[in-house]
Every structure is written in C-alpha cells, then in structure tokens.
Novice: 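First the structure, then my questions, so here it is.
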Protein chains: 2
Amino acid sequence: MQELLSPKQVAASIGVSESSLKRWCDQGVITTEKTPGGHRRIRIREVVRFLREQSHPLVSPEALGLPVGAGRRVATLESSREALLASLEAGDHAATRRVVLDHYLAGEGVLGLCERLLAPTLHTIGDRWVCGATEVYQERRACESINRVLFELRSYLPAPSPDAPAAMGGSPTGDHYRLATLMVEVVLAEEGWDATSLGSSLPFATMATAAVRHQPQLFWLSVSHVHDIEELRGGFNEFLETTTPTMPVVVGGREARAVVGASLNPRVHIGANLTSLLEIARGVHPIAKATPPRGH
Amino acid sequence: MQELLSPKQVAASIGVSESSLKRWCDQGVITTEKTPGGHRRIRIREVVRFLREQSHPLVSPEALGLPVGAGRRVATLESSREALLASLEAGDHAATRRVVLDHYLAGEGVLGLCERLLAPTLHTIGDRWVCGATEVYQERRACESINRVLFELRSYLPAPSPDAPAAMGGSPTGDHYRLATLMVEVVLAEEGWDATSLGSSLPFATMATAAVRHQPQLFWLSVSHVHDIEELRGGFNEFLETTTPTMPVVVGGREARAVVGASLNPRVHIGANLTSLLEIARGVHPIAKATPPRGH
DNA sequence: GTCGACTCGGGTAATTCGGGTC
DNA sequence: AATGTCCGAATTACCCGAGTCG
C-alpha cells in the first residue's frame, strides 16, 4: 500500500525523466507534499488527475498499482462494451478494471462511464440472464466487480469541500440493486456534492428519518425493481409528507414513473438517467467548478 | 488506548522508515520523551501535529480520542469498538476508515480486524437496531462503509500468485448479507488464496454451476439469515450432489448449523468463525508463505 | 530472573535535492 | 520553450550487533 510516491516512481510510471517531473511539481502542475528533509512525495490521486487533464500516456502503470496496460489510447465507450461484457462474465476483475480505467485515464468522466459503458453492459447481462445465456452467479459477480471499480473511481475524486451541498438517497424495500444508487452517489460526488448512498432495500420510514436528521439539499430514490406498486406509492407519499417540504426529491431507475405516477408535486423530479439527474441537481444547487489551479 | 507510542508504531502508521523517524526525532522535528533506558516514546499529539504540518495523509487533524496505533499487546482492537460504533452510526466514513487502517498499519491482519473489530461492532449495531436504538439506514450505511474499507484492505494485499489455490463462495437465496461472504473472501486472499465471492442471495443451482465450471479447491457458504430452513437444506443437499464430490465445503455464519444439520458428510465443515474457517482452509490446502511483501 | 520482541546507534547503499548545461 | 542528462551534497532506506522493555 503506498499512498505517497517518490518522484522516481512517478517518473518511471508515466515515462518522463525525473527532471521534467520535478519541474512540473515546482510549477504547480502536480501538487506535492514534502518530507522534513525536503524530498517530494506525490499522491496517486494527483498523478491520476494529471494524466487525465493532460491526456498523458501511462507507460508503466504497475508502479502505481494501476492495471497493466492501462492508459493506452482507447476507442469510444460504446466500442468497449463488448470487452467489458466478456471480462465481467468471465469474472476477470483485472480486465474489467483495465477497461474502465483506460477510459477514465483518457479523460472520460464517471458520468460517461456509468451511462455509456457500465449501465448498458449491466443491462445486457441482465437480458442475457433472462434468456438463460448467463448464470445468476455471473450477474452477481459482475455487480461485485463494478462495485469495486466504482469505489476505486471515487477514491480518485477530491474530497467534497466543507461547504459542498449534501445529497442523500437509496433504493426502497425489496429493491436490492445497490449499483444504481451507488452510481448516483459517485456521479454526484464527481460534480462536487457531498453525496451519501444509504444503501438498498430501505424502508421509506427510515429514509425519511435520515432526511429529517441530516437535512440534505437533495434526496434521490433509485427504483429498479417493484414488488408491490401500491405499497411503494403509499410509502413514497408518506415519505414526502414526513420530510421537509422544500427538499427536492429525484426519482430514478427503471420503475421511476411507476412510483411517481401522475404526481404534480413540484418537488418531485424524474431522473430518467444519470445525465438528467445531474441536470436536476444543477438546477437545485449549482456548484461553481473550482478553476483549475493554473491558467495554462 | 496508549498515550505514548514507539518509533516503530509511528513509522508504520505514517509510512516512513524507522531511521527517518528517529532522525526527525533527534533533530527536534518531533519531540519525544525518553525511557530510563534511552528508548524514544512519542506522544500522539506530536504525531498529529507533525502530520498536519506535513499535510501527510492517513491521519486526520482531530486529535481527541483518536484511537491511533495499537499497543502491541492486549485488547486494543476491542477497545476501538466503541469508536468504530460511533463513527459508523454517525456515517463518518473518514473516521471509520481511520480506526480500521490505524490497526492495519500497526500490523494487525485482516483476520483480526474482521473477527475482533468489524464483526463484533456490526453485531452490536444489529442488536441496537433490533431494540430500536439504531435506524435501518444507519445499519445499511454502516455496511456500505465497512464494505468500502474491506475493498480498500484487499487492494493492499498482493495479487494471488498464479499457482494459488482457488476458493469461491457466497450466501444463499434470501440472505442479502454481503459482508460476511466478503470478509471470507478478503481473509482467504490475505492467506494467499485466489478467493472470489460470488455475492449474496444466490440460488444453490447457480452456485453449483459456478463450482462445476471453475473447480475451486474450496467452496464456502455464508448463512446469516434463514427464510425457509427446509428449502435451504434441500438446496444444500442438491448442491452437494451436483458438485465434485472431492470439493470441500465450509459453511459459516450464524445459521451454519441449521443448514448442515447432523450431516456426517466428511467434505462439509462448519466454520464457526473466520479463524476456524481459515484453519479448515489450511487443512485443505496449506499455502507456503511467500516472502512477506516488502513495504518498499 | 528469563525471554522474546523491540529499540538503540551507527554504518552503508540507494534516492533525491538543486542547479547547471546540452 | 521544453526536455533529458550529469553532478556533488543531502536525505532516506536498509542492515546489524548490543542493549532495553514488558
């Protein structure tokens, strides 16, 4: 485990000389820590950020604990779906991680990754499961793998600023699909929110309690699977009644419309996908993007 | 908790060599006490102050009650349970991570962490949930947090060697408790196995398919919650019949005995806890410890 | 008092620093 | 303007026999 890297390691991994790296550090392109003796120490997160911003190739990723081969030039997200599907069904987490991180290092955002790569592929696996081409265990294992990658991606995001608006959400009782709400969390975190997923299969009552206690500026609800639509609607309405009337609620997922119905309640929004959810979030509370440290 | 730390503990917890730490102490960058025999003893406050000045990762500024480090003896894992419970219930992931990682960096293994810190604390949360002191969302959020930490811990483990024996497992239909099977996975991985958790709420039929396809040298089954005991036993017996007769199966979790019953099948073992599971795994396939991963 | 684990101090090899030059 | 290479001084990491801790 190595949180801090030496200039030599970083230089080797991105394929430049130590001098260049040191210059970049001194110019502020890469922020560094210093030991008491004045030696530079670089966080992996900083290296990842630099690679993404500069679209710099990564020649020796293993030095950073990144998957071998990561950082190559890659084609479109859509063209990687096939490879991702294969690695997920084979249970090859290393390959899965490589596919995803390739695109991330190439500058793709978490939003794009989720919406155009991860979600469609998971959807395909779901379809193949229904028609018998994929085993249940493969589907579950794929979800574990994606879960792991999403955690890793989040670890590269900067910590939310102290004045970041808070968002919270989860999926209701009977809906055990954790990835949807996790994707929402990470996408909002990328946008600068202090987002917390409460998990899946949550009774509305406890979500309401959480919302009342923490008073988030946004609450999301992810509904992928419905057991009893009447119960769900009832619970949702009670949730709306027991929480702060000014708190906006975004409902997303495959069954979002079924839950919301024809409700005209202005605080309830439908987030058909992550992009529209993000637009709603921006409308609720725009976050000024911190200007990159250097005007370039 | 101990107020005075040894150089070794401090060096490990901040990721520098003991030599550097000692040099910094002698230079006055870090003030120390001395034992009558001349050994250095460092106050927690000093460590925290130093880390804050250096913007060093892995420890946060807030000092009070910081369960940093571990005595090398006695029940320090046990004494951290309270702090962990508090951070989990508050949803403070940073604090949760710190508690766990401090022990890990002080040399505690994943096994000890799971068995003596994580599992007992989660159990406490479960109890408090039953008696109404804890909300469902707090329990779920705590699980998410622990899940995240376990993924992080696993990422620090060396990759399994190519000839590592494979292990596989999961929890059966209706049991949505993912952490138990995840803990098994990470503990086995720490021991050198190529362990893969298939996830939770898996039909026995698909677990059998996975076992037949991948032919692991060990299969584990984690049973924390039972819906229909007859169905479970039936499924388990069918699982035994359809998989390789030589493949050992370890059943663990709160309801392990209920599933196995009075079975005398020699390939079925009861893993009352992670420690006994590990002993069984060692009996099945002892792994020669490779040279310990050099911390560089 | 025994004993294993830890620490001391000092020596040595490997890195890194900053700067100058190509 | 930017990068790569070279250099002496300083810093850090690793090693080991003797002494200390609990």
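Worth saying up front: this structure is predicted, and the values here are computed from it rather than measured.
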Novice: When the distance from CZ of A:R23 to P of D:dA2 is rounded to whole Å, what number comes out?
Specialist: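 Spelled out: CZ on A:R23 to P on D:dA2 is 9 Å.
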
Novice: For the helix from C:dC3-D:dG22 to C:dG19-D:dC6, measure the angle between the helix axis at one end and the axis at the other, each built from five pairs, rounding to 10°.
Specialist: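 Its terminal axes enclose an angle near 50°.
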
Novice: Indicate whether OP1 or OP2 belonging to D:dT11 is found under 4.0 Å from a side-chain N or O atom of B:W24.
Specialist: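 The answer is no; no side-chain N or O of B:W24 sits under 4.0 Å from OP1 or OP2.
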
Novice: Is the number of heavy atoms from other residues, nucleotides or ligands under 6.0 Å of B:E82 CD greater than 12?
Specialist: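 Open: at most 12 neighbouring heavy atoms sit under 6.0 Å from CD of B:E82.
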
Novice: Quick one: salt bridge (Lys or Arg N to Asp or Glu O under 4.0 Å) pairs with a partner in residues 11-23 of chain A, sequence neighbours left out?
Specialist: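 Non-adjacent pairs meeting salt bridge (Lys or Arg N to Asp or Glu O under 4.0 Å): zero.
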
Novice: Quick one: salt bridge (charged side-chain N to carboxylate O under 4.0 Å, His left out) partners of A:R41, sequence neighbours excluded?
Specialist: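 So A:R41 forms no salt bridge (charged side-chain N to carboxylate O under 4.0 Å, His left out) with any residue.
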
Novice: B:L5 has an atom CG; how far is it from atom C1' of C:dC6, in whole Å?
Specialist: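 Between C1' of C:dC6 and CG of B:L5: 14 Å.
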
Novice: Does D:dC14 have its OP1 or OP2 closer than 4.0 Å to a side-chain nitrogen or oxygen of B:S17?
Specialist: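 So the side chain of B:S17 is outside the cut-off, no N or O lying under 4.0 Å from OP1 or OP2 of D:dC14.
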
Novice: Can you tell whether the side chains of B:R282 and B:E279 come within less than 4.0 Å, N to carboxylate O?
Specialist: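 Looking at B:R282 and B:E279, the cut-off is not met.
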
Novice: Of all residues at least two apart in sequence or in a different chain, which pass the salt bridge (charged side-chain N to carboxylate O under 4.0 Å, His left out) check with A:E115?
Specialist: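 Residues passing salt bridge (charged side-chain N to carboxylate O under 4.0 Å, His left out) with A:E115: none at all.
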
Novice: For residues A:S155 and A:E152, is any side-chain donor paired with an opposing acceptor at under 3.5 Å?
Specialist: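 The criterion, which ignores hydrogens and geometry beyond distance, is not satisfied for A:E152 and A:S155.
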
Novice: I'd like to know if B:E89 and B:R141 make a salt bridge, using a cut-off of under 4.0 Å between side-chain N and carboxylate O.
Specialist: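 No, no charged N to carboxylate O under 4.0 Å.
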
Novice: Under 4.0 Å between a side-chain N/O of B:S20 and OP1 or OP2 of D:dT12, yes or no?
Specialist: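 For B:S20, the contact criterion (side-chain N or O under 4.0 Å from OP1 or OP2 of D:dT12) is not met.
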
Novice: Reading nucleotides 8-19 of chain C 5' to 3', which nucleotides get B (base under 4.0 Å from a protein heavy atom), which S (sugar-phosphate only), which -?
Specialist: BB-----SSBB-

Novice: Cut-off 3.5 Å, no hydrogens considered: what does the side-chain donor-acceptor table look like for residues 104-113 of chain A, sequence neighbours left out?
Specialist:
none

